Amino acid sequence: MTQHVTGDPAGRPDDTIVSLATAPGRSAVALIRLSGPEAFSIAAKHVSPWSGTPRQARLCTIHDHGEALDQALVIVFPGPDSFTGEDIVEISTHGGLLVPASVIAALLSSGARQAFAGEFTRRAVLNGKLDILQAEAIGDLIDARSHAMRRSALGQLDGGLSRRLLVLRQDLIGLEALIAYDIDFPEEDDGPVPRERIEGAIRSLRDALEKLLATGSVGELIREGAVVVIAGAPNVGKSSLFNALVGRSRAIVTEIPGTTRDAIEAVIGGGTWPLRLVDTAGLRSTADSVERMGIEVSERYLSDAHVVLACADTEPGLEQTVRLARAKSSAPIVPVRTKSDLVSSRDNLAVPPGAVSVSAEAGTGLQDLLSAIEEILGKSQGEIEPDFPMLTSARHRHAIEEAQSELLGFERAWREEKLPPTVASVHLRAAVVALEELVGSIDVEDVLDRVFSSFCVGK
Ligand code: GDP
(Lines give C-alpha, C1' and ligand atoms only; values in the text may rest on other atoms or scores of the structure.)
Protein backbone atom coordinates (compact mmCIF):
# COMPACT_ATOMS: atom_id res chain seq x y z
CA MET A 1 0.00 0.00 0.00
CA THR A 2 1.71 3.18 -1.07
CA GLN A 3 0.93 6.26 0.90
CA HIS A 4 2.55 8.92 -1.22
CA VAL A 5 -0.19 10.85 -2.90
CA THR A 6 0.82 14.19 -4.29
CA GLY A 7 -1.20 16.80 -6.05
CA ASP A 8 -2.90 20.07 -5.48
CA PRO A 9 -5.50 19.94 -2.72
CA ALA A 10 -6.02 23.71 -2.78
CA GLY A 11 -9.08 23.67 -4.99
CA ARG A 12 -10.88 20.87 -3.10
CA PRO A 13 -11.34 22.02 0.47
CA ASP A 14 -14.83 20.52 0.74
CA ASP A 15 -13.82 16.93 0.11
CA THR A 16 -13.86 14.57 3.05
CA ILE A 17 -10.36 13.15 3.20
CA VAL A 18 -9.03 9.91 4.63
CA SER A 19 -5.57 8.57 5.26
CA LEU A 20 -3.45 6.31 7.36
CA ALA A 21 -1.76 8.53 9.98
CA THR A 22 0.72 5.87 11.12
CA ALA A 23 3.49 4.27 9.08
CA PRO A 24 2.21 1.38 6.96
CA GLY A 25 3.48 -2.10 7.80
CA ARG A 26 3.39 -4.67 10.53
CA SER A 27 2.38 -3.04 13.80
CA ALA A 28 -0.02 -3.52 16.68
CA VAL A 29 -2.22 -0.59 15.78
CA ALA A 30 -2.83 1.63 12.76
CA LEU A 31 -4.52 5.00 13.00
CA ILE A 32 -6.86 6.10 10.22
CA ARG A 33 -8.05 9.71 10.07
CA LEU A 34 -11.16 10.89 8.30
CA SER A 35 -11.78 14.66 8.12
CA GLY A 36 -14.32 16.86 6.37
CA PRO A 37 -17.99 17.75 6.15
CA GLU A 38 -19.12 14.17 5.45
CA ALA A 39 -16.80 12.48 7.94
CA PHE A 40 -19.57 11.47 10.32
CA SER A 41 -22.06 10.30 7.68
CA ILE A 42 -19.38 8.27 5.87
CA ALA A 43 -18.09 6.70 9.11
CA ALA A 44 -21.64 5.93 10.27
CA LYS A 45 -22.07 3.59 7.27
CA HIS A 46 -19.15 1.42 8.39
CA VAL A 47 -18.99 1.73 12.19
CA SER A 48 -21.28 -0.25 14.51
CA PRO A 49 -22.52 0.85 16.88
CA TRP A 50 -22.15 4.42 15.62
CA SER A 51 -22.20 7.10 18.30
CA GLY A 52 -21.62 10.77 17.71
CA THR A 53 -20.57 11.39 21.33
CA PRO A 54 -17.56 13.71 21.07
CA ARG A 55 -14.07 12.66 22.21
CA GLN A 56 -15.12 9.31 23.68
CA ALA A 57 -13.20 6.19 22.69
CA ARG A 58 -15.51 3.33 21.80
CA LEU A 59 -14.78 -0.22 20.68
CA CYS A 60 -16.73 -0.79 17.46
CA THR A 61 -16.98 -3.19 14.55
CA ILE A 62 -15.87 -1.81 11.22
CA HIS A 63 -17.77 -3.45 8.39
CA ASP A 64 -18.27 -3.23 4.66
CA HIS A 65 -21.11 -4.84 2.67
CA GLY A 66 -22.13 -6.83 5.72
CA GLU A 67 -18.66 -8.24 6.35
CA ALA A 68 -16.76 -7.36 9.52
CA LEU A 69 -13.32 -5.93 8.70
CA ASP A 70 -11.97 -5.35 12.20
CA GLN A 71 -12.68 -4.48 15.83
CA ALA A 72 -11.43 -0.93 16.24
CA LEU A 73 -11.37 1.98 18.65
CA VAL A 74 -13.32 4.92 17.23
CA ILE A 75 -13.18 8.52 18.46
CA VAL A 76 -15.25 11.38 17.08
CA PHE A 77 -14.07 15.00 17.15
CA PRO A 78 -16.73 17.44 15.95
CA GLY A 79 -15.41 20.62 14.31
CA PRO A 80 -14.38 23.29 14.99
CA ASP A 81 -12.76 21.82 18.13
CA SER A 82 -10.60 19.35 16.23
CA PHE A 83 -7.11 19.27 14.76
CA THR A 84 -8.27 20.33 11.30
CA GLY A 85 -11.18 22.43 12.54
CA GLU A 86 -13.50 20.04 10.65
CA ASP A 87 -15.44 16.98 11.78
CA ILE A 88 -12.89 14.21 12.33
CA VAL A 89 -13.25 10.50 12.98
CA GLU A 90 -10.17 8.63 14.18
CA ILE A 91 -10.23 4.87 13.81
CA SER A 92 -7.52 2.79 15.49
CA THR A 93 -7.57 -0.54 13.70
CA HIS A 94 -5.20 -3.44 14.10
CA GLY A 95 -1.97 -2.88 12.20
CA GLY A 96 -0.45 -4.63 9.22
CA LEU A 97 -1.19 -4.03 5.60
CA LEU A 98 -4.56 -5.62 4.89
CA VAL A 99 -6.79 -4.43 7.74
CA PRO A 100 -6.10 -0.68 7.52
CA ALA A 101 -6.16 -0.83 3.70
CA SER A 102 -9.58 -2.56 3.74
CA VAL A 103 -11.03 -0.01 6.16
CA ILE A 104 -9.68 2.88 4.06
CA ALA A 105 -11.07 1.25 0.90
CA ALA A 106 -14.50 1.02 2.55
CA LEU A 107 -14.42 4.70 3.52
CA LEU A 108 -13.28 5.65 0.01
CA SER A 109 -16.15 3.67 -1.51
CA SER A 110 -18.57 5.72 0.58
CA GLY A 111 -17.33 9.05 -0.74
CA ALA A 112 -14.10 9.93 1.08
CA ARG A 113 -11.03 10.87 -0.92
CA GLN A 114 -7.44 9.80 -0.21
CA ALA A 115 -5.67 12.78 1.41
CA PHE A 116 -2.81 14.52 -0.32
CA ALA A 117 0.55 14.87 1.46
CA GLY A 118 0.23 17.24 4.42
CA GLU A 119 -3.45 17.91 3.72
CA PHE A 120 -4.69 17.47 7.31
CA THR A 121 -2.21 20.05 8.62
CA ARG A 122 -2.91 22.29 5.62
CA ARG A 123 -6.59 22.29 6.54
CA ALA A 124 -5.69 23.04 10.17
CA VAL A 125 -3.83 26.12 8.92
CA LEU A 126 -6.56 27.21 6.52
CA ASN A 127 -9.14 26.84 9.30
CA GLY A 128 -7.06 28.94 11.69
CA LYS A 129 -6.20 26.09 14.08
CA LEU A 130 -2.45 26.48 13.50
CA ASP A 131 -0.29 29.11 11.86
CA ILE A 132 2.34 28.15 9.31
CA LEU A 133 5.18 28.21 11.81
CA GLN A 134 3.29 25.76 14.01
CA ALA A 135 2.58 23.56 10.99
CA GLU A 136 6.29 23.55 10.16
CA ALA A 137 7.00 22.66 13.79
CA ILE A 138 4.90 19.49 13.43
CA GLY A 139 7.15 18.41 10.55
CA ASP A 140 10.26 19.27 12.58
CA LEU A 141 8.99 17.39 15.62
CA ILE A 142 8.40 14.25 13.58
CA ASP A 143 11.83 14.58 11.95
CA ALA A 144 13.64 15.54 15.18
CA ARG A 145 17.01 13.84 15.48
CA SER A 146 18.20 15.45 18.67
CA HIS A 147 16.66 16.55 21.92
CA ALA A 148 17.51 20.17 21.08
CA MET A 149 15.51 19.91 17.87
CA ARG A 150 12.61 18.31 19.68
CA ARG A 151 12.60 21.08 22.30
CA SER A 152 12.84 23.81 19.70
CA ALA A 153 10.07 22.29 17.55
CA LEU A 154 7.83 21.90 20.57
CA GLY A 155 8.38 25.55 21.53
CA GLN A 156 7.52 26.57 17.97
CA LEU A 157 4.43 24.38 17.99
CA ASP A 158 3.40 26.04 21.24
CA GLY A 159 3.49 29.35 19.35
CA GLY A 160 6.71 30.76 20.88
CA LEU A 161 8.16 32.02 17.61
CA SER A 162 4.78 33.17 16.30
CA ARG A 163 4.16 35.27 19.43
CA ARG A 164 7.61 36.86 19.16
CA LEU A 165 6.98 37.74 15.51
CA LEU A 166 3.54 39.14 16.22
CA VAL A 167 5.04 41.46 18.87
CA LEU A 168 7.56 42.66 16.27
CA ARG A 169 4.77 43.13 13.75
CA GLN A 170 2.81 45.19 16.29
CA ASP A 171 5.88 47.34 16.92
CA LEU A 172 6.32 47.94 13.19
CA ILE A 173 2.67 48.88 12.89
CA GLY A 174 3.13 51.22 15.88
CA LEU A 175 5.98 52.93 14.04
CA GLU A 176 3.85 53.14 10.91
CA ALA A 177 1.15 54.81 12.99
CA LEU A 178 3.61 57.36 14.36
CA ILE A 179 4.67 58.28 10.83
CA ALA A 180 1.05 58.41 9.65
CA TYR A 181 0.17 60.69 12.56
CA ASP A 182 2.99 62.98 11.59
CA ILE A 183 1.70 63.14 8.02
CA ASP A 184 -1.99 63.51 8.82
CA PHE A 185 -1.85 65.92 11.71
CA PRO A 186 1.24 68.07 11.27
CA GLU A 187 -0.53 71.09 12.74
CA GLU A 188 -1.95 69.34 15.83
CA ASP A 189 -1.71 71.21 19.12
CA ASP A 190 0.48 68.47 20.52
CA GLY A 191 2.99 69.29 17.81
CA PRO A 192 4.78 66.77 15.61
CA VAL A 193 5.87 63.42 16.97
CA PRO A 194 9.29 64.01 18.61
CA ARG A 195 12.11 62.69 16.41
CA GLU A 196 13.62 60.86 19.41
CA ARG A 197 10.47 58.83 19.79
CA ILE A 198 10.69 57.61 16.19
CA GLU A 199 14.46 57.07 16.57
CA GLY A 200 13.83 54.99 19.70
CA ALA A 201 11.19 52.86 17.96
CA ILE A 202 13.52 52.24 15.01
CA ARG A 203 16.39 51.29 17.32
CA SER A 204 14.41 48.83 19.38
CA LEU A 205 13.01 47.17 16.25
CA ARG A 206 16.48 46.96 14.76
CA ASP A 207 17.83 45.33 17.93
CA ALA A 208 14.93 42.87 18.16
CA LEU A 209 15.32 41.77 14.52
CA GLU A 210 19.07 41.46 15.00
CA LYS A 211 18.64 39.29 18.10
CA LEU A 212 16.19 37.02 16.34
CA LEU A 213 18.39 36.71 13.28
CA ALA A 214 21.33 35.78 15.50
CA THR A 215 19.42 32.66 16.58
CA GLY A 216 19.28 31.51 12.95
CA SER A 217 22.65 29.80 12.73
CA VAL A 218 22.06 27.86 15.97
CA GLY A 219 18.47 27.05 14.97
CA GLU A 220 19.46 25.77 11.55
CA LEU A 221 22.28 23.77 13.08
CA ILE A 222 19.86 22.14 15.49
CA ARG A 223 17.59 21.26 12.60
CA GLU A 224 20.15 20.23 9.99
CA GLY A 225 22.90 18.92 12.26
CA ALA A 226 26.53 19.98 12.56
CA VAL A 227 28.76 18.60 9.81
CA VAL A 228 31.61 16.67 11.42
CA VAL A 229 34.13 15.56 8.81
CA ILE A 230 36.48 12.70 9.61
CA ALA A 231 39.71 13.50 7.76
CA GLY A 232 43.00 11.71 7.55
CA ALA A 233 45.22 9.51 5.48
CA PRO A 234 44.01 6.08 4.38
CA ASN A 235 44.27 3.32 6.96
CA VAL A 236 44.55 5.54 10.00
CA GLY A 237 41.19 4.18 11.18
CA LYS A 238 38.66 6.73 9.93
CA SER A 239 35.99 4.22 8.87
CA SER A 240 36.45 2.28 12.08
CA LEU A 241 36.01 5.48 14.08
CA PHE A 242 32.91 6.38 12.05
CA ASN A 243 31.41 2.95 12.70
CA ALA A 244 32.31 3.06 16.38
CA LEU A 245 30.67 6.47 16.83
CA VAL A 246 27.61 5.44 14.83
CA GLY A 247 27.40 2.08 16.59
CA ARG A 248 27.62 3.77 19.96
CA SER A 249 24.47 5.77 19.35
CA ARG A 250 22.73 3.15 17.29
CA ALA A 251 19.31 4.01 18.65
CA ILE A 252 19.22 7.44 17.06
CA VAL A 253 21.19 6.95 13.91
CA THR A 254 19.72 7.99 10.62
CA GLU A 255 21.53 6.77 7.57
CA ILE A 256 21.15 9.15 4.68
CA PRO A 257 21.46 6.99 1.60
CA GLY A 258 22.40 8.50 -1.68
CA THR A 259 23.10 12.00 -0.39
CA THR A 260 26.61 11.77 -1.74
CA ARG A 261 28.44 9.48 -4.02
CA ASP A 262 31.81 10.21 -2.53
CA ALA A 263 31.17 9.84 1.19
CA ILE A 264 29.16 8.02 3.79
CA GLU A 265 27.09 10.13 6.08
CA ALA A 266 25.14 9.29 9.22
CA VAL A 267 23.37 11.51 11.69
CA ILE A 268 23.91 10.73 15.32
CA GLY A 269 21.93 12.43 18.07
CA GLY A 270 21.77 12.23 21.80
CA GLY A 271 23.78 15.33 22.63
CA THR A 272 22.84 18.97 22.23
CA TRP A 273 23.34 18.95 18.49
CA PRO A 274 22.63 16.31 15.89
CA LEU A 275 26.00 15.44 14.35
CA ARG A 276 26.23 14.70 10.64
CA LEU A 277 29.26 12.46 10.62
CA VAL A 278 30.95 12.32 7.26
CA ASP A 279 33.40 9.57 6.43
CA THR A 280 35.24 10.02 3.18
CA ALA A 281 37.59 7.13 3.84
CA GLY A 282 38.46 4.26 1.59
CA LEU A 283 37.49 6.11 -1.52
CA ARG A 284 40.83 6.36 -3.22
CA SER A 285 44.01 4.54 -2.49
CA THR A 286 46.99 6.70 -3.19
CA ALA A 287 50.65 6.05 -2.83
CA ASP A 288 51.63 9.30 -1.16
CA SER A 289 48.67 9.02 1.10
CA VAL A 290 49.26 11.73 3.67
CA GLU A 291 50.03 14.32 1.04
CA ARG A 292 46.85 13.35 -0.75
CA MET A 293 44.74 13.67 2.36
CA GLY A 294 43.39 17.01 1.24
CA ILE A 295 42.23 15.39 -1.96
CA GLU A 296 40.77 12.39 -0.25
CA VAL A 297 38.50 14.55 1.83
CA SER A 298 36.63 16.50 -0.76
CA GLU A 299 36.96 20.25 -0.63
CA ARG A 300 33.20 20.52 -0.47
CA TYR A 301 32.97 18.65 2.80
CA LEU A 302 35.82 20.53 4.35
CA SER A 303 34.31 23.87 3.42
CA ASP A 304 30.90 22.82 4.81
CA ALA A 305 32.36 21.38 8.00
CA HIS A 306 31.47 22.74 11.42
CA VAL A 307 34.17 20.56 12.99
CA VAL A 308 36.98 18.55 11.39
CA LEU A 309 38.33 15.46 13.12
CA ALA A 310 41.95 15.29 11.96
CA CYS A 311 42.85 11.63 12.46
CA ALA A 312 46.24 9.94 12.50
CA ASP A 313 47.76 6.88 14.14
CA THR A 314 51.23 8.31 14.75
CA GLU A 315 52.56 11.49 16.37
CA PRO A 316 54.19 12.96 13.26
CA GLY A 317 51.17 11.91 11.22
CA LEU A 318 48.88 13.78 13.59
CA GLU A 319 50.83 17.03 13.29
CA GLN A 320 50.90 16.78 9.54
CA THR A 321 47.19 15.91 9.30
CA VAL A 322 46.22 18.86 11.50
CA ARG A 323 48.36 21.14 9.34
CA LEU A 324 46.77 19.87 6.11
CA ALA A 325 43.25 20.09 7.55
CA ARG A 326 43.92 23.64 8.72
CA ALA A 327 45.02 24.62 5.22
CA LYS A 328 41.83 23.21 3.75
CA SER A 329 39.20 24.26 6.27
CA SER A 330 38.38 27.22 8.45
CA ALA A 331 36.38 25.00 10.82
CA PRO A 332 37.70 24.17 14.29
CA ILE A 333 39.85 21.04 14.28
CA VAL A 334 40.01 18.25 16.84
CA PRO A 335 43.26 16.28 16.53
CA VAL A 336 42.36 12.61 17.00
CA ARG A 337 45.02 10.07 17.79
CA THR A 338 43.54 6.79 16.57
CA LYS A 339 44.31 3.16 17.51
CA SER A 340 45.28 4.13 21.04
CA ASP A 341 45.09 0.46 22.03
CA LEU A 342 48.28 -0.10 20.03
CA VAL A 343 50.17 2.63 21.85
CA SER A 344 52.01 1.88 25.05
CA SER A 345 50.96 4.00 28.01
CA ARG A 346 54.28 5.87 27.93
CA ASP A 347 53.75 6.95 24.32
CA ASN A 348 50.18 7.81 25.10
CA LEU A 349 51.32 10.59 27.40
CA ALA A 350 52.80 12.26 24.35
CA VAL A 351 49.38 13.07 22.84
CA PRO A 352 49.45 16.84 22.22
CA PRO A 353 47.24 19.10 24.31
CA GLY A 354 43.75 19.39 22.87
CA ALA A 355 44.06 16.06 21.09
CA VAL A 356 41.81 13.14 21.93
CA SER A 357 43.05 9.62 21.80
CA VAL A 358 40.59 6.96 20.75
CA SER A 359 40.47 3.29 20.02
CA ALA A 360 37.68 2.16 17.74
CA GLU A 361 38.79 -1.36 18.49
CA ALA A 362 38.52 -1.08 22.28
CA GLY A 363 35.78 1.54 22.21
CA THR A 364 37.76 3.90 24.41
CA GLY A 365 37.93 7.69 24.13
CA LEU A 366 34.72 7.93 22.11
CA GLN A 367 32.81 9.80 24.80
CA ASP A 368 35.76 12.18 25.26
CA LEU A 369 35.71 12.83 21.53
CA LEU A 370 31.95 13.53 21.52
CA SER A 371 32.39 15.87 24.50
CA ALA A 372 35.22 17.69 22.71
CA ILE A 373 32.97 18.16 19.64
CA GLU A 374 30.11 19.43 21.84
CA GLU A 375 32.41 21.87 23.59
CA ILE A 376 33.73 23.25 20.30
CA LEU A 377 30.23 23.65 18.88
CA GLY A 378 29.06 25.30 22.11
CA LYS A 379 31.92 27.80 21.83
CA SER A 380 31.60 28.51 18.13
CA GLN A 381 27.80 28.57 17.94
CA GLY A 382 27.00 30.09 21.30
CA GLU A 383 24.85 28.70 24.05
CA ILE A 384 21.23 27.87 23.41
CA GLU A 385 18.95 30.23 25.32
CA PRO A 386 16.30 27.82 26.58
CA ASP A 387 13.14 29.88 26.18
CA PHE A 388 14.07 32.31 23.43
CA PRO A 389 12.41 31.28 20.16
CA MET A 390 14.79 30.40 17.36
CA LEU A 391 14.70 30.68 13.61
CA THR A 392 15.14 27.14 12.39
CA SER A 393 15.02 27.33 8.62
CA ALA A 394 16.24 29.32 5.66
CA ARG A 395 12.63 30.44 5.09
CA HIS A 396 12.59 32.06 8.53
CA ARG A 397 15.97 33.69 8.03
CA HIS A 398 15.08 35.12 4.62
CA ALA A 399 11.88 36.68 5.97
CA ILE A 400 13.66 38.33 8.90
CA GLU A 401 16.46 39.54 6.61
CA GLU A 402 13.80 41.00 4.34
CA ALA A 403 12.11 42.79 7.26
CA GLN A 404 15.50 44.02 8.42
CA SER A 405 16.47 45.43 5.04
CA GLU A 406 13.08 47.14 4.66
CA LEU A 407 13.48 48.70 8.12
CA LEU A 408 16.91 49.91 7.07
CA GLY A 409 15.44 51.31 3.84
CA PHE A 410 12.86 53.18 5.87
CA GLU A 411 15.43 54.49 8.31
CA ARG A 412 17.66 55.82 5.52
CA ALA A 413 14.82 57.48 3.67
CA TRP A 414 13.44 58.99 6.86
CA ARG A 415 16.81 60.31 8.06
CA GLU A 416 17.80 61.79 4.74
CA GLU A 417 14.36 63.36 4.39
CA LYS A 418 14.72 63.05 0.64
CA LEU A 419 11.61 60.95 0.29
CA PRO A 420 8.26 62.07 1.64
CA PRO A 421 7.40 60.11 4.82
CA THR A 422 4.50 58.44 3.01
CA VAL A 423 6.93 56.88 0.56
CA ALA A 424 9.42 55.98 3.29
CA SER A 425 6.69 54.20 5.19
CA VAL A 426 6.14 51.89 2.21
CA HIS A 427 9.28 50.18 3.52
CA LEU A 428 7.58 49.64 6.89
CA ARG A 429 4.57 48.09 5.19
CA ALA A 430 6.89 45.72 3.31
CA ALA A 431 8.58 44.75 6.59
CA VAL A 432 5.17 44.02 8.14
CA VAL A 433 4.25 41.90 5.12
CA ALA A 434 7.50 39.91 5.40
CA LEU A 435 6.63 38.98 9.01
CA GLU A 436 3.01 38.24 8.14
CA GLU A 437 4.09 35.94 5.37
CA LEU A 438 6.44 34.15 7.76
CA VAL A 439 3.68 33.47 10.28
CA GLY A 440 1.25 32.80 7.46
CA SER A 441 -1.41 35.42 7.88
CA ILE A 442 -1.30 36.43 4.20
CA ASP A 443 -0.80 34.60 0.91
CA VAL A 444 -1.50 31.45 2.83
CA GLU A 445 -2.00 29.20 -0.20
CA ASP A 446 1.32 30.14 -1.73
CA VAL A 447 3.29 29.72 1.49
CA LEU A 448 1.45 26.48 2.25
CA ASP A 449 2.52 24.99 -1.06
CA ARG A 450 6.15 25.61 -0.16
CA VAL A 451 5.89 24.43 3.43
CA PHE A 452 3.94 21.25 2.72
CA SER A 453 5.99 20.11 -0.25
CA SER A 454 8.03 17.97 2.19
CA PHE A 455 5.13 16.56 4.20
CA CYS A 456 3.91 12.98 3.97
CA VAL A 457 0.36 11.75 3.83
CA GLY A 458 -1.53 11.54 7.11
CA LYS A 459 0.13 14.57 8.72
P1 GDP B 1 40.58 4.25 7.06
O2 GDP B 1 41.16 3.87 5.76
O3 GDP B 1 41.23 5.47 7.61
O4 GDP B 1 39.11 4.37 7.03
O5 GDP B 1 40.96 3.10 8.09
P6 GDP B 1 40.11 1.82 8.56
O7 GDP B 1 39.08 2.22 9.53
O8 GDP B 1 39.67 1.08 7.36
O9 GDP B 1 41.21 1.03 9.36
C10 GDP B 1 42.42 0.62 8.78
C11 GDP B 1 42.99 -0.55 9.56
O12 GDP B 1 43.27 -0.17 10.91
C13 GDP B 1 42.01 -1.73 9.65
O14 GDP B 1 42.74 -2.91 9.51
C15 GDP B 1 41.44 -1.62 11.03
O16 GDP B 1 41.06 -2.87 11.58
C17 GDP B 1 42.58 -1.00 11.82
N18 GDP B 1 42.08 -0.21 12.93
C19 GDP B 1 41.19 0.81 12.86
N20 GDP B 1 40.96 1.32 14.07
C21 GDP B 1 41.69 0.60 14.95
C22 GDP B 1 41.87 0.64 16.38
O23 GDP B 1 41.29 1.44 17.10
N24 GDP B 1 42.75 -0.25 16.90
C25 GDP B 1 43.42 -1.17 16.15
N26 GDP B 1 44.23 -1.98 16.75
N27 GDP B 1 43.26 -1.24 14.82
C28 GDP B 1 42.42 -0.35 14.20
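In what follows, every heavy atom counts, from backbone to side chain, and hydrogens, waters and symmetry copies are set aside. These numbers come from a predicted model, not from an experiment. Positions are given from 1 along the sequence.
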Walk me through it: do F83 and R33 pass the test side chain to side chain contact (heavy atoms under 4.5 Å, CB included)?
CA-CA 11 Å; F83 175 66; R33 278 210 284 212; 3.8 Å; yes
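- Around CZ of R197, the count of heavy atoms belonging to other residues, nucleotides or ligands within 6.0 Å does not exceed 12.
- Between the CZ atom of F388 and the CG atom of L161 there is a distance of 9.0 Å, given to the nearest 0.5 Å.
- Scored by the side-chain contact (heavy atoms from CB on, under 4.5 Å) test, L73 finds A57, L59, S92 as partners (sequence neighbours excluded).
- For the pair H46 (side chain) and A106 (backbone), a donor-acceptor distance under 3.5 Å is present.
- In this structure, the side chain of D15 does not engage the main chain of I17 through any donor-acceptor pair within 3.5 Å.
- The two residues G111 and I42 come nearest to each other via the heavy atoms C-CD1, 3.7 Å.
- For the residue pair L277 and L245, the shortest heavy atom distance occurs at CD1-CB, 3.7 Å.
- Looking at residues two or more places apart in sequence or on another chain, you find no side chain to side chain donor-acceptor pair (under 3.5 Å) involving E90.
- Not a single donor-acceptor pair under 3.5 Å links the side chain of K129 to the backbone N or O of E86.
- Between atom CE of residue M390 and atom CD of residue E220 there is a gap of 11.5 Å, rounded to the nearest 0.5 Å.
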Side chain to side chain contact (heavy atoms under 4.5 Å, CB included) between R395 and L438, worked out
CA-CA 8 Å; R395 188 182 85 84; L438 180 51; 3.7 Å; yes
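- Across all their heavy atoms, A331 and V307 have their closest contact at CB-N, 4.2 Å.
- Residues satisfying the side-chain contact (heavy atoms from CB on, under 4.5 Å) criterion with R26, sequence neighbours excluded, are absent altogether.
- Remark: side-chain polar atoms of S41 are paired, donor with acceptor, to backbone N or O of E38 under 3.5 angstrom.
- With respect to R223 and E136, no salt bridge is recorded, no charged nitrogen being found less than 4.0 Å from a carboxylate O.
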How far apart are the C-alpha atoms of R169 and L166, what are their side-chain angles, what is the distance that settles it, and do they pass the side chain to side chain contact (heavy atoms under 4.5 Å, CB included) test?
CA-CA 5 Å; R169 175 181 169 274; L166 291 176; 4.1 Å; yes
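- Contacts of A153 classified as side-chain contact (heavy atoms from CB on, under 4.5 Å), with partners at least two apart in sequence or in another chain: D140, L141.
- Taking the side-chain contact (heavy atoms from CB on, under 4.5 Å) definition, one finds that R163 meets it with D158, sequence neighbours left out.
- Distance alone, capped at 3.5 Å, is enough to place a donor-acceptor pair between the Q134 side chain and the D131 backbone.
- Considering only residues two or more places apart in sequence or on other chains, E224 meets the side chain to side chain donor-acceptor pair (under 3.5 Å) condition with none of them.
- Considering all non-hydrogen atoms of both residues, F77 and R55 come closest at CD2-CG, 3.5 Å.
- S357 OG to L369 CG: the interatomic distance, rounded to the nearest 0.5 Å, is 10.0 Å.
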With side chain to side chain contact (heavy atoms under 4.5 Å, CB included) as the test, would you mind laying out the steps for W414 and R195 before giving the verdict?
CA-CA 10 Å; W414 180 73; R195 273 190 88 78; 3.7 Å; yes
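- A208 and L168 make their closest contact through CB-CD2, 3.3 Å (heavy atoms, listed as atom of the first residue, atom of the second, distance).
- Here the side chain of Q156 pairs no donor or acceptor atom with the backbone of P389 at under 3.5 angstrom.
- The minimum heavy-atom distance between V89 and A39, with the atom names listed, is CG2-O, 3.9 Å.
- Note that CZ of R397 is 10.5 Å distant from OG1 of T215, once rounded to the nearest 0.5 Å.
- R415 has a carboxylate O that lies under 4.0 Å from a charged side-chain N of E199, or vice versa, which qualifies the two as a salt bridge.
- Within the model, atoms OG1 of T93 and CD1 of I62 stand 8.0 Å from one another, a figure rounded to the nearest 0.5 Å.
- Taking CG from L212 and CD1 from I400, the interatomic distance works out to 4.5 Å, rounded to the nearest 0.5 Å.
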